[in-house]
Amino acid sequence: MEMIGLFVPAMFSVWIKHKRNTELTWSMPKIVFEYGIYVFVNVFITTCIITYALGISGVTSDALTSFPFFTKYTLIALVMAILVPYVEEIVSKYFKVTMTVRPKDEKK
């Protein structure tokens, strides 16, 4: 149950991102990298919600073996996994960071 709760919601995030943006390709190294980022973001956000919003402190990975907690965690993680690609799209649409790199002018 631990693996399902931690790693499956990120699959939904990757799937939603690629369904919304048809220009993205399904190349393996890129998908694995995106999946890893979504796993981290989804677990972090879900843990913050459980700890601060619900007030359940001291949660460890052993808590995922308890079915009532597992269902709460998985539902919250799935909701966050669905929302994160949309939030990412909105942020990337309205906020841009550009960097200009010029060759260094050196006098020898």
Asks: Sorted by first residue and then second, give each salt bridge (Lys or Arg N to Asp or Glu O under 4.0 Å) pair with at least one member in residues 76-86; sequence neighbours left out.
Replies: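 Not a single pair qualifies under salt bridge (Lys or Arg N to Asp or Glu O under 4.0 Å).
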Asks: Kindly compute the distance separating CG (Leu6) from CZ (Phe40), expressed to the nearest 0.5 Å.
Replies: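 Those atoms lie 13.0 Å apart.
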Asks: Of all residues at least two apart in sequence or in a different chain, which pass the side-chain hydrogen bond (donor to acceptor under 3.5 Å, both in side chains) check with Ser13?
Replies: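 Partners of Ser13 by the side-chain hydrogen bond (donor to acceptor under 3.5 Å, both in side chains) criterion, ordered by chain and then number, come out as Asn42.
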Asks: Any link between Tyr52 and Val41 through a network of hydrophobic side chains (Ile, Leu, Val, Met, Phe, Trp, Tyr) touching at under 4.5 Å?
Replies: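 Unlinked, Tyr52 and Val41 end up in two clusters.
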Asks: Please table the atom pairs, donor to acceptor, closer than 3.5 Å between any side-chain atom in residues 82-92 and protein atoms at least two apart or in another chain.
Replies:
| unit_1 | atom_1 | unit_2 | atom_2 | d |
| --- | --- | --- | --- | --- |
| Glu88 | OE1 | Tyr38 | OH | 2.3 |
| Glu88 | OE2 | Lys17 | NZ | 3.3 |
| Glu89 | OE1 | Arg20 | NE | 3.1 |
| Glu89 | OE1 | Arg20 | NH2 | 3.4 |
| Glu89 | OE2 | Arg20 | NH2 | 3.2 |
| Ser92 | OG | Glu88 | O | 3.1 |
| Ser92 | OG | Glu89 | O | 3.1 |

Asks: Output the rest of the hydrophobic cluster of Met28: all Ile, Leu, Val, Met, Phe, Trp and Tyr residues reachable through side-chain heavy-atom contacts under 4.5 Å, sorted by chain and number.
Replies: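 In the cluster with Met28 are Val32.
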Asks: How many angstroms lie between CZ in Phe12 and NZ in Lys19, if you round to the nearest 0.5 Å?
Replies: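 That separation rounds to 13.5 Å.
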Asks: Cut-off 3.5 Å, no hydrogens considered: what does the side-chain donor-acceptor table look like for residues 66-75, sequence neighbours left out?
Replies:
| unit_1 | atom_1 | unit_2 | atom_2 | d |
| --- | --- | --- | --- | --- |
| Thr71 | OG1 | Phe67 | O | 3.3 |
| Thr71 | OG1 | Pro68 | O | 2.8 |
| Thr74 | OG1 | Phe70 | O | 2.7 |

Asks: Assigning hydrophobic clusters by single linkage (Ile, Leu, Val, Met, Phe, Trp, Tyr; side-chain heavy-atom cutoff under 4.5 Å), is Tyr35 placed with Met3?
Replies: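 Tyr35 clusters together with Met3.
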Asks: Which heavy atom of Trp26 sits nearest to which heavy atom of Trp15, and what is that distance?
Replies: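 Of all heavy-atom pairs spanning Trp26 and Trp15, the closest is CH2-CA, 4.3 Å.
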